[in-house]
Amino acid sequence: MDGSFLSQQEVVTASREFVCIRLATYEDQAETRFLSKIYRGRTGNLENTVFAMLTPDGKDFLVRPGRGPHFAFRDATDMAKFMRDTAGDYPQTKTGTPPLPVVARLDVALNVAACDGLPVAIRVHPPQAKATTFDVELNDTVWDTDLAGEFVFAKATPAELKPISGVQIEEGLLIVEPDEFGTSAEAVHQIDVRADRATIEQALRQTIAKRAAPVKNPQQHIRTGVQLGIDWETAVPVTDSMSLRAKRRFRDDE
C-alpha cells in the first residue's frame with residue numbers, strides 16, 4: 001500500500017463514495033489484460049503497480065493513470081479533495097450490501113495479506129454450497145465503516161485449508177494470521193456457521209484490537225526470502241523490468 005496516499009485518513013474517508021478495487025497484477029489473465037489497457041510503462045509492458053480512477057461505467061479516466069496516486073495528485077489532501085468533489089457528480093443508487101470482496105484464490109489471499117500486513121477472513125464452506133443467513137450477516141458486518149479495509153477476504157472449502165494450522169471448523173468464518181511470506185497461516189478465530197451477527201462482529205473487532213501490523217523492511221524482506229529459497233510463481237509472467245532486475249540482483253548477491 002502507498003502509505004503516503006492510500007492509508008491517509010482523509011483519503012480513506014473520501015473513498016467511501018467510491019468502489020475501490022485492489023487487483024493482483026500478475027495473478028489473473030483477465031485482470032492483466034484490463035490493467036494493460038489502463039497503463040503501460042516506458043517499455044510498453046504492464047508494470048507491477050497500476051493506479052487509475054474511472055467513471056462508474058469504467059470507460060473513461062477521471063485522472064491521469066500511472067504507477068501510483070503520485071502520477072495524478074500532489075499529496076493525500078489533493079487526492080481527497082478531488083474525490084469529494086468528483087463523488088457529487090455521480091449520484092449513487094443504493095442496491096443493498098455488496099458481497100464479500102474476496103481474492104479469487106486462497107494462496108493469493110495469504111500472499112496479499114502478508115504483503116499488506118493484514119489478517120485474512122476466510123468463509124469456509126462445503127463444495128457447491130449456497131448462500132445462507134450467515135453470509136448475509138457477515139456481509140453486513142464487514143462493510144461497517146470502521147471494519148472495511150481491515151481484512152483480506154477469501155473463500156475456501158475445508159480441503160483447501162492445508163496451509164493453515166489449528167483449523168477446527170467445517171463451515172463458518174476462519175480468521176487467520178499469515179506468516180511473513182504468506183506461505184502458511186495460523187487460525188486466530190473460528191466462528192461456526194450458526195453464529196449470529198454479534199458473534200461475527202466481536203471476533204472481527206477482537207482481531208483488530210489485539211494485533212499490531214508487522215513492519216517490514218522491503219529490501220531485507222526480499223533478501224531473507226531469497227536466502228530461504230522462497231519464491232512466488234505468478235499466474236501470468238512478470239513484465240515489469242524493475243521487478244525482474246531487482247529479483248536478479250538479490251539472487252546474484254547470494
> Shared ILVMFWY cluster between V136 and W143, side chains joined below 4.5 angstrom?
Replying inline: no
> Atom CD of E160 and atom NZ of K162: how far apart are they, to the nearest 0.5 Å?
Replying inline: 10.0 Å
> Less than 4.5 Å apart, any side-chain heavy atom of V124 and any of P158?
Replying inline: yes
> Is any side-chain heavy atom of D196 closer than 4.5 Å to a side-chain heavy atom of E137?
Replying inline: no
> Are the side chain of T55 and the backbone of D60 linked by a donor-acceptor contact shorter than 3.5 Å?
Replying inline: yes
>> Could you go through W232 and V108, starting from their C-alpha distance and side-chain angles, then the distance that decides it, and tell me whether this counts as side chain to side chain contact (heavy atoms under 4.5 Å, CB included)?
In response: CA-CA 10 Å; W232 178 267; V108 177; 3.9 Å; yes
>> Can you give me the closest heavy-atom contact between D116 and R22, atom names plus distance?
In response: OD2-NE, 3.0 Å
>> Membership question, hydrophobic clusters at under 4.5 Å side-chain separation (ILVMFWY): are F34 and V236 in the same one?
In response: yes
>> If you define the side chain from C-beta out and look only at heavy atoms, does anything of F71 sit under 4.5 Å from V63?
In response: no
> Given the rule in the side chain to side chain contact (heavy atoms under 4.5 Å, CB included) test, do V50 and R40 qualify, once you have shown the distances and angles that lead to the verdict?
Replying inline: CA-CA 8 Å; V50 173; R40 294 172 182 251; over 6 Å; no
> Regarding D135 and T132, is there a side-chain donor-to-acceptor distance under 3.5 Å anywhere?
Replying inline: yes
>> Between D179 (side chain only) and F181 (backbone N and O only), is there a donor and an acceptor less than 3.5 Å apart?
In response: yes
>> So which atom in A76 and which in S4 form the shortest heavy-atom distance, rounded to 0.1 Å?
In response: CB-O, 3.7 Å
> Do F151 and P101 touch side chain to side chain, with heavy atoms closer than 4.5 Å?
Replying inline: no
> Stepwise, does the side chain to side chain contact (heavy atoms under 4.5 Å, CB included) test hold for T224 with I230?
Replying inline: CA-CA 9 Å; T224 301; I230 296 174; over 6 Å; no
>> Working to the nearest 0.5 angstrom, can you tell me the gap between Y26 OH and L35 CG?
In response: 9.0 Å
> With a cut-off of 6.0 Å (strictly less than), are more than 12 heavy atoms of other residues, nucleotides or ligands near CD of E10?
Replying inline: yes
> In the single-linkage hydrophobic clustering (I, L, V, M, F, W, Y; side-chain heavy atoms under 4.5 Å), do F73 and M83 co-cluster?
Replying inline: yes
> Can you check whether T25's main-chain N or O pairs, donor with acceptor, with T32's side chain at less than 3.5 Å?
Replying inline: yes
> Could you give the distance from CZ (R84) to OG (S15), rounded to the nearest 0.5 Å?
Replying inline: 12.0 Å
> Less than 6.0 Å separating the ring centroids of F51 and F5?
Replying inline: no
>> Tell me whether L46 shares a hydrophobic cluster with F61, the cluster being built from Ile, Leu, Val, Met, Phe, Trp, Tyr side chains joined at under 4.5 Å.
In response: yes
> Does any donor atom in the side chain of Q9 or T13 lie under 3.5 Å from an acceptor atom in the other side chain?
Replying inline: yes
> What distance separates R194 CZ from E171 CD, expressed to the nearest 0.5 Å?
Replying inline: 10.0 Å
> For the residue pair A203 and I191, what are the closest heavy atoms and their distance?
Replying inline: CB-CD1, 3.6 Å
> M79 versus M53: any side-chain heavy-atom pair under 4.5 Å?
Replying inline: yes
> Mind checking whether I122 and L100 sit in one hydrophobic cluster, side chains of I, L, V, M, F, W, Y counted as touching below 4.5 Å?
Replying inline: no
> Quick one: which of L6, V11, D75, D78 gives a side-chain contact (heavy atoms from CB on, under 4.5 Å) with P69?
Replying inline: L6
> Quick one: are F153 and R123 in side-chain contact, heavy atoms under 4.5 Å?
Replying inline: no
> Checking E31 side chain against L23 main chain: does a donor-acceptor pair fall under 3.5 Å?
Replying inline: no
>> Run the side chain to side chain contact (heavy atoms under 4.5 Å, CB included) test on V188 and K210 for me, step by step, so that the C-alpha distance in whole Å, both residues' side-chain angles and the decisive distance to 0.1 Å come before the verdict.
In response: CA-CA 11 Å; V188 295; K210 291 182 178 181; over 6 Å; no
> Hey, does the side chain of E150 reach the backbone of L147 with a donor-acceptor pair shorter than 3.5 angstrom?
Replying inline: no
> Any idea which heavy atoms bring V120 and A109 closest together, and the distance?
Replying inline: CG2-O, 4.0 Å
> Got E170 and P126 here, is their nearest side-chain heavy-atom distance under 4.5 Å?
Replying inline: no
> Is there a donor-acceptor contact under 3.5 Å from the side chain of D192 to the main chain of A195?
Replying inline: no
> Would you find a donor on one side and an acceptor on the other, under 3.5 Å apart, between the side chain of Y90 and the backbone of E17?
Replying inline: no
> Judged by atom type as modelled, is there a donor-acceptor pair below 3.5 Å linking the side chain of D57 to the main-chain atoms of K59?
Replying inline: yes
>> To check you understand the geometry: which heavy-atom pair defines the closest contact between T239 and N45, and what is its length?
In response: O-CB, 3.5 Å
>> Please give me the minimum heavy-atom distance between L110 and V176, naming the atom from each residue.
In response: CD2-CG2, 4.1 Å
> Between OG1 of T141 and CZ of R197, what distance do you get to the nearest 0.5 Å?
Replying inline: 4.0 Å
> Got a donor-acceptor contact below 3.5 angstrom from the Q190 side chain to the I169 backbone?
Replying inline: yes
>> Measuring only between side-chain heavy atoms, which start at C-beta, is D144 closer than 4.5 Å to L204?
In response: no
> Just how far is it from atom CD of E233 to atom CD of E27, taken to the nearest 0.5 Å?
Replying inline: 10.0 Å
